[in-house]
A.B. asks: 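What follows is a single structure, and I will ask about it in a moment.
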Amino acid sequence: WNAPHDFRRPRSLTLTERIYKFALHKAITEPLQELMLQNAIDIFKTHYDLGEVLDAKELTGGYNNDSFALTADRDDHQVKYVVRRYNPRITEKEVKFEHALINHLNENGFDLAAGILPTTGGDTYVKEKQTTAGQTTIIYWAVFEYLQGEERYTWTDTDIAPDDLISAAGVLARLHQAGSNFRKPP
């Protein structure tokens, strides 16, 4: 390998090049996002008995998994859910661990972790095989209760009020108390 001798910064893209790059990115990503959203709706309809889907949208801001907010009509009430598509690198053992921990926390009085809703078969997740270009990948899906909240602090807005710090310490203590006797699943 011959290292280039010109270490100058690459030239900036022109406005036309940037617009083209943006349009190309949008043309590729929007259909994929629509496909994943439809897949989330299909998983919800096929494997869960939680009502008729009224609305669905992608939730942004996550770093590892893809999440979707679904609103369903259940017994003449609108109920919100979160459908999670786990990152393909996540293993079944990791999904089982997470679900066992969340269920344990909820069963021990910790109500700040969204509950996991069972499939019609009683499982806590759906295992889906996807084949692309001859390559098979296992994707895990789960449906969670929707927890309403507010984003009061961000990575850039970090001025936390003293009362919120005290509250966070109390929540952390409750989490540790509820999880103190957790045993990981086999």
Side-chain angles (χ1 to χ4, degrees), residues 36-129 138-155 158 160-186:
M36 281 203 315
L37 179 60
Q38 187 57 53
N39 202 359
I41 294 168
D42 292 344
I43 291 287
F44 185 86
K45 287 180 174 181
T46 304
H47 299 279
Y48 295 85
D49 186 22
L50 298 172
E52 187 66 33
V53 176
L54 302 173
D55 186 45
K57 67 178 183 175
E58 182 178 10
L59 295 173
T60 59
Y63 295 104
N64 198 33
N65 304 306
D66 297 304
S67 296
F68 307 89
L70 271 64
T71 303
D73 180 20
R74 186 167 188 189
D75 302 324
D76 293 323
H77 292 89
Q78 287 190 7
V79 182
K80 286 182 100 172
Y81 302 99
V82 172
V83 177
R84 176 183 294 164
R85 177 188 183 273
Y86 284 88
N87 184 311
R89 293 185 304 269
I90 300 294
T91 66
E92 188 168 19
K93 188 175 182 178
E94 291 170 312
V95 173
K96 286 181 176 181
F97 177 87
E98 176 194 41
H99 292 194
L101 178 58
I102 289 170
N103 286 334
H104 178 83
L105 292 171
N106 286 330
E107 290 164 4
N108 284 281
F110 189 77
D111 58 354
L112 296 177
I116 301 160
L117 300 167
T119 66
T120 53
D123 297 316
T124 62
Y125 61 92
V126 173
K127 184 177 182 178
E128 179 187 46
K129 287 184 180 179
I138 304 294
I139 303 292
Y140 299 99
W141 294 82
V143 175
F144 294 82
E145 296 171 333
Y146 184 91
L147 295 181
Q148 191 64 43
E150 60 182 311
E151 191 172 317
R152 295 176 59 184
Y153 305 103
T154 65
W155 291 107
T158 59
I160 300 174
D163 287 347
D164 289 340
L165 286 172
I166 293 167
S167 175
V171 168
L172 186 59
R174 286 182 48 216
L175 172 75
H176 283 271
Q177 287 169 345
S180 65
N181 60 349
F182 175 70
R183 299 291 175 254
K184 72 178 185 174

A.B. asks: Does a side-chain heavy-atom distance below 4.5 Å link R84 with D66?
C.D. replies: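 With C-beta onward as the side chain, the pair stays apart.
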A.B. asks: Is there a side-chain contact between Y81 and L117 (heavy atoms, below 4.5 Å)?
C.D. replies: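 Touching, per the 4.5 Å side-chain cut-off.
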A.B. asks: Find out whether N103 and T124 are in side-chain contact, i.e. whether some heavy atom of one side chain is under 4.5 Å from a heavy atom of the other.
C.D. replies: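 In short, these two side chains touch, coming nearer than 4.5 Å.
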A.B. asks: Describe, in one word, how the ring planes of F182 and F97 are oriented to each other, choosing from parallel (under 30°), tilted (30 to 60°) and perpendicular (over 60°).
C.D. replies: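 Perpendicular: the ring planes of F182 and F97 meet at over 60°.
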A.B. asks: Which atom names give the shortest non-hydrogen contact between A178 and N108, and what distance separates them?
C.D. replies: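 Result for this residue pair: O-CB, 3.6 Å.
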A.B. asks: Do Q177 and S180 pair up side chain to side chain, a donor and an acceptor below 3.5 Å, judged on atom types alone?
C.D. replies: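 Side chains of Q177 and S180: no pair found under 3.5 Å.
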A.B. asks: Can you measure from CD1 (I160) to OG (S167) and round to the nearest 0.5 angstrom?
C.D. replies: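 It is 11.0 Å, given to the nearest 0.5 Å.
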A.B. asks: Minimum heavy-atom separation for Y86 and A142, please, with both atom names.
C.D. replies: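 That closest heavy-atom pairing would be CE1-CB, 4.0 Å.
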A.B. asks: Could you give the distance from CD (E52) to CG (D73), rounded to the nearest 0.5 Å?
C.D. replies: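 Atom-to-atom, E52:CD and D73:CG are 8.0 Å apart.
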A.B. asks: Write down the atom of I102, the atom of A114, and the distance for their closest heavy-atom approach.
C.D. replies: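 Reported closest heavy-atom pair: CG2-O, 3.4 Å.
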A.B. asks: Taking all non-hydrogen atoms of both residues, which atom of N106 and which atom of A113 are closest, and how far apart?
C.D. replies: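 Looking at all heavy atoms of both residues, the shortest contact is OD1-O, 3.1 Å.
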A.B. asks: Could you tell me whether the side chain of E145 and the main chain of G115 form a donor-acceptor pair under 3.5 Å?
C.D. replies: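 Between the backbone of G115 and the side chain of E145 there is a qualifying donor-acceptor contact (under 3.5 Å).
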A.B. asks: Evaluate the side-chain contact (heavy atoms from CB on, under 4.5 Å) criterion for residues K184 and L101: first the C-alpha distance (whole Å), next the side-chain angles of each, then the deciding distance (0.1 Å), finally the verdict.
C.D. replies: CA-CA 8 Å; K184 72 178 185 174; L101 178 58; over 6 Å; no
A.B. asks: Before we go on, tell me: are the rings of Y125 and Y140 under 6.0 Å apart, centre to centre?
C.D. replies: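 Yes, ring centres under 6.0 Å apart.
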A.B. asks: Nearest 0.5 Å, what's the CZ-CG distance between R183 and N181?
C.D. replies: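 The CG atom of N181 is 6.5 Å from CZ of R183, to the nearest 0.5 Å.
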A.B. asks: Do F110 and V171 come within less than 4.5 Å of each other through their side chains, counting heavy atoms only?
C.D. replies: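 Heavy-atom side-chain distance check passes, below 4.5 Å.
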A.B. asks: Just wondering, do I139 and K129 contact through their side chains at under 4.5 Å, heavy atoms?
C.D. replies: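 No. Closest side-chain heavy atoms not under 4.5 Å.
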A.B. asks: With heavy-atom distances below 4.5 Å as the criterion, would you say the side chains of K127 and V95 are in contact?
C.D. replies: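 Not touching, per the 4.5 Å side-chain cut-off.
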A.B. asks: Grab the two heavy atoms, one from A72 and one from G51, that are nearest each other, plus how far apart they are.
C.D. replies: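 Smallest interatomic distance, heavy atoms only, reads CB-C, 4.1 Å.
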A.B. asks: Could you tell me the separation between the NZ atom of K57 and the OG atom of S67, rounded to the nearest 0.5 Å?
C.D. replies: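 Those atoms lie 12.5 Å apart.
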A.B. asks: Can you list, pair by pair, the side-chain donor-acceptor contacts under 3.5 Å of residues 37-49, counting residues two or more places apart and other chains?
C.D. replies:
from, atom 1, to, atom 2, distance (Å)
Q38, NE2, D42, OD1, 2.9
T46, OG1, D42, O, 2.7

A.B. asks: Whether D55 and K80 form a salt bridge (side-chain N of Lys/Arg under 4.0 Å from carboxylate O of Asp/Glu) is what I want to check.
C.D. replies: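 The answer is no: the pair does not qualify as a salt bridge.
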A.B. asks: Do N87 and N65 get their side chains close enough for a donor-acceptor pair, meaning under 3.5 Å?
C.D. replies: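 On atom types as modelled, these side chains do not qualify, holding no pair under 3.5 Å.
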A.B. asks: Go through it in stages, so that I can follow the logic: the residues are V83 and W141, the test is side-chain contact (heavy atoms from CB on, under 4.5 Å), and I'd like the CA-CA distance, side-chain angles, deciding distance and then a yes or no.
C.D. replies: CA-CA 7 Å; V83 177; W141 294 82; 3.7 Å; yes
A.B. asks: Does D75 reach the main-chain N or O of H77 with its side chain, forming a donor-acceptor pair under 3.5 Å?
C.D. replies: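 Answer holds: no.
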A.B. asks: Kindly determine whether T119 and V126 satisfy side-chain contact (heavy atoms from CB on, under 4.5 Å), including the steps that lead there.
C.D. replies: CA-CA 8 Å; T119 66; V126 173; 3.8 Å; yes
A.B. asks: For the atom pair NZ (K96) and NZ (K93), what is the distance rounded to the nearest 0.5 Å?
C.D. replies: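 With rounding to 0.5 Å, NZ (K96) is 10.5 Å from NZ (K93).
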A.B. asks: With a 4.5 Å heavy-atom cut-off, do R74 and L50 have their side chains touching?
C.D. replies: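 Contact flag for R74/L50 side chains = yes.
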A.B. asks: Find out whether D123 and P118 are in side-chain contact, i.e. whether some heavy atom of one side chain is under 4.5 Å from a heavy atom of the other.
C.D. replies: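 Result no, sub-4.5 Å side-chain heavy-atom pair not found.
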